[in-house]
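Quantities reported herein were computed from a predicted structural model and do not represent experimental measurements. Sequence positions, counted from 1, serve as the residue numbers for this chain.
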Amino acid sequence: MSFFKKLFGGGDEPSAPAHEPVEHEGFMILPQPIPEGGQFRLGATISKEMDGDVKEHKLIRADMFPSADQCAEYAVTKAKQVIKEQGDRIFR
């Protein structure tokens with residue numbers, strides 16, 4: 001049966017290892033590389049506690065990387081850029 005899974009696209013994707021969150025200007029950035037086609041798509045969650053609630057924003061981009069670590073590193077960089085440009089407006 002595994003032959004058919006691989007043949008028709010149901011094969012196992014490489015799993016992305018868990019990455020540590022990074023604090024930046026009161027925001028928490030959690031890199032979450034998304035396994036896709038043997039590579040990793042840029043993904044991260046940006047969160048911040050506001051008025052007693054934790055707000056979250058999912059960041060997903062088209063950028064692809066050959067390793068989860070490389071993807072996670074760039075995800076943090078990209079999230080910092082989004083935080084700089086949008087600040088708290090990211091949660092609207």
Side-chain angles (χ1 to χ4, degrees):
M1 181 131 138
S2 64
F3 169 76
F4 291 108
K5 280 185 174 181
K6 290 180 183 177
L7 182 64
F8 295 108
D12 294 334
E13 289 285 339
S15 62
H19 290 88
E20 294 294 318
V22 175
E23 191 277 329
H24 179 71
E25 296 183 9
F27 293 81
M28 291 303 293
I29 302 166
L30 178 60
Q32 297 174 312
I34 303 164
E36 188 175 310
Q39 293 187 317
F40 295 88
R41 182 174 301 281
L42 188 147
T45 298
I46 302 170
S47 61
K48 183 177 182 180
E49 186 175 333
M50 300 174 70
D51 300 324
D53 290 328
V54 176
K55 305 286 186 181
E56 287 188 345
H57 174 78
K58 297 287 186 183
L59 176 70
I60 299 174
R61 296 291 186 258
D63 304 291
M64 300 291 283
F65 298 87
S67 77
D69 289 338
Q70 190 178 33
C71 183
E73 184 179 326
Y74 191 75
V76 170
T77 301
K78 188 64 175 178
K80 287 178 180 180
Q81 178 184 356
V82 170
I83 290 167
K84 181 180 178 183
E85 292 172 357
Q86 297 184 27
D88 290 343
R89 292 177 298 158
I90 194 171
F91 302 116
R92 292 186 192 168

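Both Leu42 and Ile46 are part of a single hydrophobic cluster, where members link through side-chain heavy atoms under 4.5 Å apart. Residues Met28 and Val76 are members of separate hydrophobic clusters, defined by side-chain heavy-atom contacts under 4.5 angstrom among Ile, Leu, Val, Met, Phe, Trp and Tyr. Both Tyr74 and Ile83 belong to a common hydrophobic cluster when Ile, Leu, Val, Met, Phe, Trp and Tyr are linked at side-chain heavy-atom distances under 4.5 angstrom. Met64 and Leu59 are members of different hydrophobic clusters when ILVMFWY side chains are connected at heavy-atom separations under 4.5 Å. Cluster membership for Ile29 and Phe65, using ILVMFWY side-chain heavy atoms within less than 4.5 angstrom, is shared.
A donor-acceptor distance shorter than 3.5 angstrom exists from the side chain of Arg41 to the backbone of Ala62, with no hydrogens or angles considered. Within the 3.5 Å criterion, the main-chain N or O of Gln86 finds a donor-acceptor partner in the side chain of Arg89.
The neighbour count for Lys55 NZ, taken as heavy atoms of other residues, nucleotides or ligands under 6.0 Å away, does not exceed 12.
Summarising the geometry of Leu30 relative to Glu20, their closest heavy-atom pair is CD1-C, 4.3 Å, with the distance given to 0.1 Å. Summarising the geometry of Glu23 relative to Gly26, their closest heavy-atom pair is OE2-N, 2.7 Å, with the distance given to 0.1 Å. Nearest heavy-atom pair, Ala75 versus Ala44, reported as atom, atom and distance to 0.1 Å: CB-CB, 4.2 Å.
Using the six-membered ring where Trp is involved, Phe27 and Phe91 have ring planes that are parallel, under 30° apart on the 30 and 60° scheme.
Separation of atoms CG (Asp88) and CD (Glu25) is listed at 10.5 Å; rounding is to 0.5 Å. The line from CG of Asp63 to SG of Cys71 is 8.0 Å long, rounded to the nearest 0.5 Å. In this structure, OG in Ser47 is found 12.5 Å from CG in Asp53, a value given to the nearest 0.5 Å.
Side-chain contact check for Val82 versus Arg61: some heavy-atom pair is nearer than 4.5 Å. Side-chain contact between Pro33 and His19: present, with at least one pair of heavy atoms (C-beta onward) separated by less than 4.5 Å. Lys78 has its side chain within reach of Gln81: a pair of non-hydrogen atoms, C-beta onward, lies under 4.5 Å apart.
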Trace of the side chain to side chain contact (heavy atoms under 4.5 Å, CB included) decision for Gln32 with Lys58:
CA-CA 10 Å; Gln32 297 174 312; Lys58 297 287 186 183; 3.9 Å; yes
